[in-house]
Amino acid sequence: MLRPLIAGNWKMNTTISQGVELVMRLRELTRGAEDIDIVIAPPYTSIYHLRFLLAGSPIKLAAQNLYIEKNGAYTGEVSAEMLRDVGCEYAIIGHSERRRYFNETDETVNKKIFASLRANLKPVVCVGETLDERKDNKTLGVVKRQIKGALKGLGPGMVKDLVLAYEPVWAIGTGINATPEQAEEVHNRLRDLLCEEYGMVANDLRIIYGGSVKPENIDELMAQPNIDGALVGGASLNADDFARIARFKKSPKGRS
Ligand code: PEP
């Protein structure tokens with residue numbers, strides 16, 4: 001079993017004081033959770049402050065996005081190097097909200113992965129199909145295309161530092177999660193695809209699931225052989241719920 005990763009994406013929520021309150025409670029509730037990677041992605045404005053509160057806790061910081069250049073005249077943007085400097089260890093890349101509202105494409109996602117690795121940030125690369133695509137039986141084709149585009153030009157040595165997040169768009173923020181079987185089917189196919197392209201390294205790459213993860217469904221999801229963690233939106237804003245997700249019930253699992 002790979003070391004599980006539970007990541008919370010706070011999106012455009014929380015003031016600094018709200019973030020502090022959330023982190024203080026989370027620290028308390030996750031004390032001693034050493035066999036798992038717990039990551040939170042607060043808004044940029046809170047990261048610097050929260051890094052000091054997280055010192056000595058198992059919780060790591062992620063950015064929700066980044067820009068591809070190191071520095072320069074790109075008003076409003078933040079580089080991977082700046083995010084590393086402020087304390088981030090991970091960066092979420094290609095979230096469906098970025099694709100939908102900010103026109104991100106597989107090509108921009110690819111550039112952001114390179115930027116992220118350049119700065120020693122671990123990319124959490126999101127892929128997933130819309131409801132129409134699922135209804136049209138296009139799920140596997142869509143995620144395959146997204147992966148191929150996102151990972152273009154990356155060798156096995158770079159791919160090993162990635163985390164892949166399968167996030168069906170229809171499950172994000174809707175309260176309707178993919179069933180564990182639906183998610184496992186996609187994760188399994190993604191793992192096969194990565195094995196074909198990159199060899200054994202793909203077996204060590206974490207593929208996490210995102211889309212309406214909550215305390216009520218995490219145990220079943222995590223019992224699937226190819227689900228190595230979760231990317232959590234809404235429920236990560238509630239410390240008790242997020243901590244319960246991070247303390248999911250472990251059950252033995254073996255991949256075929
Ligand atoms: C997300 O935005 O990545 C997400 C999974 O959101 P939610 O958990 O709210 O569905």
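As the structure is a prediction and not an experimental result, all values here were calculated from the model. All ligand and atom numbering here is 1-based and tracks the order in the structure.
Proximity to G234 (heavy-atom distance under 4.0 Å) selects the following atoms of ligand 1: 7 (P), 8 (O), 9 (O). For ligand 1 and K11, the ligand atoms under 4.0 Å from any heavy atom of the residue are 1 (C), 2 (O), 6 (O). If you number the atoms of ligand 1 from 1 as listed, the ones under 4.0 Å from a heavy atom of A171 come out as 10 (O). Within ligand 1, counting atoms from 1 as listed, the ones closer than 4.0 Å to a heavy atom of G211 are 5 (C), 10 (O). In the vicinity of I172, heavy-atom distances shorter than 4.0 Å reach the ligand 1 atoms 1 (C), 2 (O), 4 (C), 6 (O), 10 (O).
Nearest protein heavy-atom neighbour of atom 1 (C) of ligand 1: H95 NE2, 3.2 Å. Scanning all protein heavy atoms for the shortest distance to atom 8 (O) of ligand 1 gives G233 N, 2.8 Å.
Using a distance-only test at 3.5 Å, with no hydrogens or angles considered, a donor-acceptor pair links the side chain of S116 to the main chain of L121. Side chain of Y209 to main chain of I218: no donor-acceptor pair is present (N/O by atom type, distance under 3.5 Å, no hydrogens or angles).
Among the candidates Q146, K135, R134, K138, the single residue satisfying the side-chain hydrogen bond (donor to acceptor under 3.5 Å, both in side chains) test with E129 is R134.
In this structure, I38 is a member of the same hydrophobic cluster as F52, with clusters built from ILVMFWY side-chain heavy atoms closer than 4.5 Å.
Ion pair D37/R206 flagged as a salt bridge, since at least one NZ, NE, NH1 or NH2 atom sits closer than 4.0 Å to an Asp/Glu carboxylate oxygen.
Inclusion of A235 in the set of residues having an N or O under 3.5 Å from an N or O of ligand 1 is not warranted. Some N or O of G173 is nearer than 3.5 Å to an N or O of ligand 1, by distance alone. Every N/O-N/O distance between T174 and ligand 1 stays at or above 3.5 Å. Inclusion of L231 in the set of residues having an N or O under 3.5 Å from an N or O of ligand 1 is not warranted.
Atom CE of M1 has more than 12 heavy atoms from other residues, nucleotides or ligands within 6.0 Å. Around atom CZ of R118, more than 12 heavy atoms belonging to other residues, nucleotides or ligands sit under 6.0 Å away.
No heavy atom of K214 sits closer than 4.0 Å to any atom of ligand 1.
The side-chain heavy atoms of I93 and N65, taken from C-beta on, include no pair separated by under 4.5 Å.
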